[in-house]
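These notes are about the structure you will find just below.
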Amino acid sequence: MKKKSWQLPFLLFLIIGTVLIVRHQRSMPYQHDEGLVFGTVYHATYQSDKNLKREIEAELGKVDGEFSMFNEHSTIARINRGEMPQLSDMFLEVYGLAENISKDTHGSFDISVAPLVNAWGFGFKHQQMPTSQEVDSLKKLIGYEKLKLTRQGKTTTLKHPKNMMLDFSAIAKGYGCDAVARMLERKDVKNFMIEIGGEVVTRGISEKRLPWRIGVTKPTDDSLSTGGELQTVLNVTDKAMATSGNYRNFYYKGGRKYAHTIDPKTGYPVQHNILSATVLADRCATADAYATAFMVMGLKEAQKVLERHPELMVYFIYANEKGENNVWFSPSMKKKIVE
């Protein structure tokens with residue numbers, strides 16, 4: 001059968017159009033932005049003809065306005081002062097995710113741990129080291145199950161016991177990355193990387209026309225962050241990544257090391273063998289929260305959770321019985337390890 005006369009010109013038009021689009025995409029510049037948010041630094045690299053820093057910071061401003069402990073006007077700051085503000089869809093989305101992960105990890109992840117974090121000197125209020133009696137007293141204020149959403153018409157508020165304080169810092173940075181990623185996708189940006197304080201979301205390819213590769217730092221005591229020797233490099237293309245570790249935020253007192261990850265159930269800084277937990281997931285908020293939970297749980301309990309969640313990829317650096325650093329990673333993570 002002979003092809004109709006219009007088919008060949010149409011096919012040629014499609015081919016030429018595709019070539020022009022590909023050439024335009026390849027010639028399109030990569031933008032590089034950075035700034036301050038949530039008390040830390042963000043970095044954004046994305047391929048676009050237009051600089052989108054204003055739009056990026058607008059998205060981050062929305063998240064900051066809900067969850068920042070450093071913003072006295074944020075929703076979480078108002079709740080911690082005993083107010084009952086009307087809760088936004090964004091707040092309810094993150095709260096719901098936090099609640100689900102708390103249940104899944106049997107409270108190892110808990111947004112109500114703020115009083116203990118502050119008491120041990122790692123929060124937004126720096127206090128002296130607590131006594132055992134003070135820890136026991138503060139533990140009465142801890143427990144995500146004590147929180148209750150109340151709905152009246154279109155208004156939703158959060159009820160909690162007096163003096164209870166909430167801290168979303170172990171999920172808000174990840175959610176901030178997710179929020180910026182969604183905005184960039186709405187702008188039809190295909191290739192980008194957004195990073196906030198070590199939490200990362202990527203899509204497409206890097207400026208070098210290669211998959212996005214992110215290093216995992218070797219856990220050595222380095223409270224000033226002057227080191228940076230890499231343990232491994234991961235291919236994080238089209239994934240979100242979060243790392244939690246006790247090798248940066250810590251102090252010594254009386255010859256003993258106290259790290260910033262607090263076990264909500266014991267009230268004390270964790271003494272488990274995981275030194276660093278890196279999690280890859282589809283959402284950065286999910287990776288962020290589970291990375292913190294795994295630091296609290298320790299290796300064996302974390303592995304039990306992972307049996308229920310094959311969609312999570314993990315890379316753990318832990319200390320063996322001799323105090324030597326070892327590595328354990330989920331089978332699905334193997335294909336992501338570059339070196």
Side-chain angles (χ1 to χ4, degrees), residues 13-38 40-64 90 93 171-217 228 230-243 278-288 291 311-315 332-339:
F13 172 78
L14 286 178
I15 292 169
I16 294 173
T18 302
V19 170
L20 291 175
I21 290 172
V22 170
R23 283 184 177 177
H24 175 67
Q25 288 178 338
R26 288 185 175 179
S27 63
M28 195 184 301
Y30 275 74
Q31 309 283 341
H32 302 270
D33 296 324
E34 64 178 52
L36 298 175
V37 67
F38 312 144
T40 188
V41 179
Y42 84 83
H43 297 90
T45 301
Y46 54 96
Q47 189 180 29
S48 172
D49 284 331
K50 178 184 177 183
N51 183 272
L52 300 171
K53 184 174 184 178
R54 185 174 63 180
E55 289 86 343
I56 290 171
E57 295 193 346
E59 288 299 313
L60 293 175
K62 294 175 187 177
V63 182
D64 184 270
M90 177 185 290
E93 179 187 359
I171 195 170
K173 288 188 297 181
Y175 184 81
C177 290
D178 291 330
V180 173
R182 287 197 292 264
M183 182 277 294
L184 291 174
E185 288 172 338
R186 290 196 299 271
K187 298 286 186 180
D188 201 31
V189 177
K190 305 295 185 183
N191 303 311
F192 63 82
M193 185 273 292
I194 173 72
E195 179 263 333
I196 304 175
E199 323 307 357
V200 180
V201 174
T202 73
R203 295 290 185 272
I205 57 176
S206 71
E207 199 166 4
K208 296 179 180 179
R209 315 303 300 177
L210 295 171
W212 293 100
R213 294 173 177 176
I214 310 294
V216 176
T217 305
L230 295 182
Q231 175 78 37
T232 191
V233 176
L234 303 177
N235 178 344
V236 193
T237 295
D238 296 331
K239 279 288 184 181
M241 168 179 159
T243 297
T278 296
V279 180
L280 267 59
D282 290 332
R283 295 179 62 186
C284 200
T286 300
D288 201 1
E311 77 279 7
L312 298 178
M313 303 178 186
V314 303
Y315 188 98
S332 57
M333 180 65 89
K334 187 174 182 179
K335 61 185 179 183
K336 294 289 185 179
I337 298 174
V338 179
E339 58 182 61

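All values reported here derive from a predicted model rather than from experimental measurement.
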What's the shortest heavy-atom distance between [X] and [Y], and which atoms?
X	Y	answer
Gly204	Asn191	CA-OD1, 3.2 Å
Tyr42	Leu60	CD2-CD1, 3.7 Å
Asp178	Ala285	OD2-N, 2.9 Å
Met241	Cys284	O-SG, 3.7 Å
Glu199	Cys177	O-SG, 3.3 Å
Asp33	Tyr46	OD2-OH, 2.5 Å

Euclidean distance, [Y] [atom2] relative to [X] [atom1], rounded to 0.5 Å:
X	Y	atom1	atom2	result
Thr202	Asn235	OG1	CG	8.0 Å
Arg203	Glu185	CZ	CD	4.5 Å
Lys173	Ile196	NZ	CD1	8.5 Å
Thr237	Leu210	OG1	CG	9.0 Å
Lys50	Lys187	NZ	NZ	5.5 Å

### Query
Knowing that exactly one of Leu52, Val180, Val201 qualifies, which makes a side chain to side chain contact (heavy atoms under 4.5 Å, CB included) with Phe192?
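One option only clears the test, and that one is Val201.
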### Task
Please step through side chain to side chain contact (heavy atoms under 4.5 Å, CB included) for the pair Leu36 and Val41, ending with a clear verdict.
CA-CA 5 Å; Leu36 298 175; Val41 179; 3.7 Å; yes
Salt-bridged, [X] to [Y], with N to O below 4.0 Å?
X	Y	answer
Arg283	Glu93	yes
Arg186	Glu59	yes
Asp188	Lys190	yes

### Message
Is it true that Tyr175 and Asp288 share a donor-acceptor pair across their side chains at a distance under 3.5 Å?
### Response
no
Are [X] and [Y] side-chain neighbours, meaning at least one heavy-atom pair lies under 4.5 Å?
X	Y	result
Val233	Ile214	no
Met313	Lys335	yes
Leu234	Ile337	yes
Ile205	Pro211	no
Lys239	Val236	yes

### Query
Heavy-atom count around Asp282 CG within 6.0 Å, excluding the residue itself: above 12?
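No, the 6.0 Å shell around CG holds no more than 12 heavy atoms from other groups.
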### Message
For Lys53, is the NZ atom crowded, meaning more than 12 foreign heavy atoms sit under 6.0 Å from it?
### Response
yes
### Task
Output yes when a side-chain donor or acceptor of Gln47 lies under 3.5 Å from a complementary backbone atom of Met28, and no otherwise.
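Checked: pair present.
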### Sidechain-backbone polar pair: Trp212 side chain, Asp238 backbone, donor-acceptor under 3.5 Å
no
